[in-house]
Amino acid sequence: MTNSPARHANRVAVVTGASSGIGEATARRLAASGAAVALIARRADRLETLAKEIDRDGGTALVLTADVADAEAMRAAAAEVEAKLGRADLLFNNAGVMLAAPIDELATADWQRMIDVNMSGLMNAIGAFVPHLVASAAEKGVADLVNTSSIGAQAVFPSFAVYVASKAYVTHLSKNLRADLGPKGVRVAAVEPGLVETELQGHVTDPGAIEWLDGVRETLTWLKPEDIAETVAFLTSLPARVNLQQVTVMPTAQV
């Protein structure tokens, strides 16, 4: 592998959840590495600002305001990507929401929102862009589907049951998608971050969960979104024969 800043030249990358955190950092990283990047999220103002900054730095960015929970909107986004940038050959399926509460509080609206975004939204993006990836792999020799999971997929966290279950879905789905897509030249990877400083923690309103997050913030150094962005850039720039199928990225002191 080369460390050239253009190691993603001639690639078309789609990033969901691109308006902040890991998605924003990864969009910047891939654009700096030569990819034309389609930015998907709900907050148009944040996307417009990001696109202007990428353009200012010599990159190419396309703003697509859409909610991953809306399957029709994602199909429309895929059509616009193809029309304006060409077929996508890299999908960073990153949009997600983390809501926490003890299960017996029956926060069913929060449960449904996590299912809608973390699971159904993931599938809506896959449904919209997998045809791009398969066609691009046939043409270019490789394409990438990278799904953001969590260390929660492997662990137990009180008050986070539905969230971590949704992420276990992401990890196991990713492993199984390789059986369908690997033979077609599409690499599939699940990235499982530990604690990362993003807006995700700001979604949490449960007092017990907030207390736990504040406690671990004081006792260890969390990852930065740029750490995950660098991981995604690395695994999508390896030779076509190499697929890192599951990458767990942890703060050094987190156990």
Side chains of residues 179-188: which donor-acceptor pairs under 3.5 Å do they make with residues two or more places apart or in other chains?
residue: R187; atom: NE; partner: D144; partner atom: OD1; Å: 2.8
residue: R187; atom: NH1; partner: L238; partner atom: O; Å: 3.0
residue: R187; atom: NH1; partner: P239; partner atom: O; Å: 2.8
residue: R187; atom: NH1; partner: V242; partner atom: O; Å: 3.0
residue: R187; atom: NH2; partner: D144; partner atom: OD1; Å: 3.3
residue: R187; atom: NH2; partner: D144; partner atom: OD2; Å: 3.1
residue: R187; atom: NH2; partner: T236; partner atom: O; Å: 3.3

When you measure from the side chain of Q254 to the backbone N and O of L195, does any donor-acceptor pair fall under 3.5 Å?
yes

Going from CZ on R178 to CG on L145, what distance comes out if it is rounded to the nearest 0.5 angstrom?
11.5 Å

Restricting to non-hydrogen atoms, name the atom on A18 and the atom on A41 that form the minimum distance, rounded to 0.1 Å.
N-CB, 3.9 Å

Heavy-atom side-chain contact between R46 and S20 under 4.5 Å:
yes

In terms of hydrophobic clustering (I, L, V, M, F, W, Y; side-chain heavy atoms under 4.5 Å; direct or indirect links), are L106 and V164 co-clustered?
yes

For residues Y169 and L122, determine if any side-chain heavy atom of one lies less than 4.5 Å from a side-chain heavy atom of the other.
yes

Acceptor/donor pairs from residues 77-89 side chains to any protein atom, 3.5 angstrom cut, sequence neighbours excluded:
residue: E80; atom: OE2; partner: K84; partner atom: NZ; Å: 2.8
residue: R87; atom: NH2; partner: E139; partner atom: OE1; Å: 2.6
residue: D89; atom: OD1; partner: R11; partner atom: NE; Å: 2.7
residue: D89; atom: OD1; partner: R11; partner atom: NH2; Å: 3.2
residue: D89; atom: OD2; partner: V12; partner atom: N; Å: 3.2
residue: D89; atom: OD2; partner: K140; partner atom: NZ; Å: 2.4

With a 4.0 Å cut-off, would you call R29 and E230 a salt bridge?
yes

If you look only at pairs with a residue in residues 99-116, which of them pass as a side-chain hydrogen bond (donor to acceptor under 3.5 Å, both in side chains), with sequence neighbours excluded?
Q112-D116

Is a side-chain donor or acceptor of T16 paired with a backbone partner of N94 at a separation under 3.5 angstrom?
yes

Please, which pairs that meet side-chain hydrogen bond (donor to acceptor under 3.5 Å, both in side chains) have at least one residue in residues 121-137, sequence neighbours excluded?
none

Side chain to side chain contact (heavy atoms under 4.5 Å, CB included) between L244 and F234: does it pass, once the steps are laid out?
CA-CA 10 Å; L244 300 184; F234 170 72; 3.7 Å; yes

Atom CG of residue position N176 - does it have more than 12 heavy atoms of other residues, nucleotides or ligands inside 6.0 Å?
yes

Heavy atoms only: give me the nearest V63-A51 pair and the separation to one decimal.
CG2-CB, 3.6 Å

Could you name each residue pair satisfying side-chain hydrogen bond (donor to acceptor under 3.5 Å, both in side chains) that touches residues 60-69, not counting sequence neighbours?
none

What distance separates T49 OG1 from E24 CD, expressed to the nearest 0.5 Å?
9.0 Å

Enumerate the residue pairs fulfilling salt bridge (charged side-chain N to carboxylate O under 4.0 Å, His left out) with a member in residues 155-175, sequence neighbours excluded, ordered by first and then second residue.
none

Are S150 and M98 close enough that some pair of their side-chain heavy atoms sits under 4.5 Å apart?
no

Looking at I54 and A31, what are the two nearest heavy atoms and their distance?
CG2-CB, 3.6 Å

Smallest heavy-atom separation, N118 atom then A95 atom, equals OD1-O, 4.4 Å

Looking only at atom types and distance, does a side-chain atom of N147 sit under 3.5 Å from a main-chain N or O of V170, one as donor and one as acceptor?
no

Closest heavy-atom pair, G194 versus L223, reported as atoms and distance to 0.1 Å, is N-CD1, 4.3 Å

Would you give the length of the straight line joining atom CG of N93 to atom OG of S149, rounded to the nearest 0.5 angstrom?
11.5 Å

Given the options Q154, E192, Q245, T171 meets side chain to side chain donor-acceptor pair (under 3.5 Å) only with E192

Whether T26 side chain and G23 backbone form a donor-acceptor pair below 3.5 Å
no

Let's go through V196 and D227 carefully: what are the C-alpha distance in whole Å and the side-chain angles of both, what is the deciding distance for side chain to side chain contact (heavy atoms under 4.5 Å, CB included) to 0.1 Å, and is it a yes or a no?
CA-CA 9 Å; V196 186; D227 301 326; over 6 Å; no

What heavy-atom pair brings A107 and A101 nearest, and what distance separates the two atoms?
CB-CB, 4.5 Å

Take I22 and F92 through the side chain to side chain contact (heavy atoms under 4.5 Å, CB included) test and state the conclusion after the steps.
CA-CA 10 Å; I22 292 171; F92 183 41; 3.7 Å; yes

Take L235 and V191 through the test side chain to side chain contact (heavy atoms under 4.5 Å, CB included) and record every step on the way to the result.
CA-CA 10 Å; L235 63 89; V191 176; 3.9 Å; yes

Let me see the working for E53 and R28 under salt bridge (charged side-chain N to carboxylate O under 4.0 Å, His left out), right down to the final yes or no.
CA-CA 9 Å; E53 292 173 355; R28 291 182 189 276; 2.5 Å; yes

Can a donor-acceptor pair be found, under 3.5 Å and without considering hydrogens, that links the side chain of S166 to the backbone of Y163?
yes

Crowding at CZ, R241 (>12 non-hydrogen neighbours, <6.0 Å):
no

Would you say V142 and I126 are hydrophobically clustered, going by side-chain heavy atoms of ILVMFWY under 4.5 Å?
no

Do I103 and V162 have side chains that get closer than 4.5 Å, going by heavy atoms?
yes

Less than 4.5 Å apart, side chain to side chain, heavy atoms only: is that true for R42 and S19?
no

Taking the basic N atoms (NZ, or NE/NH1/NH2) and the acidic carboxylate oxygens, is any pair closer than 4.0 Å for K52 and E48?
no

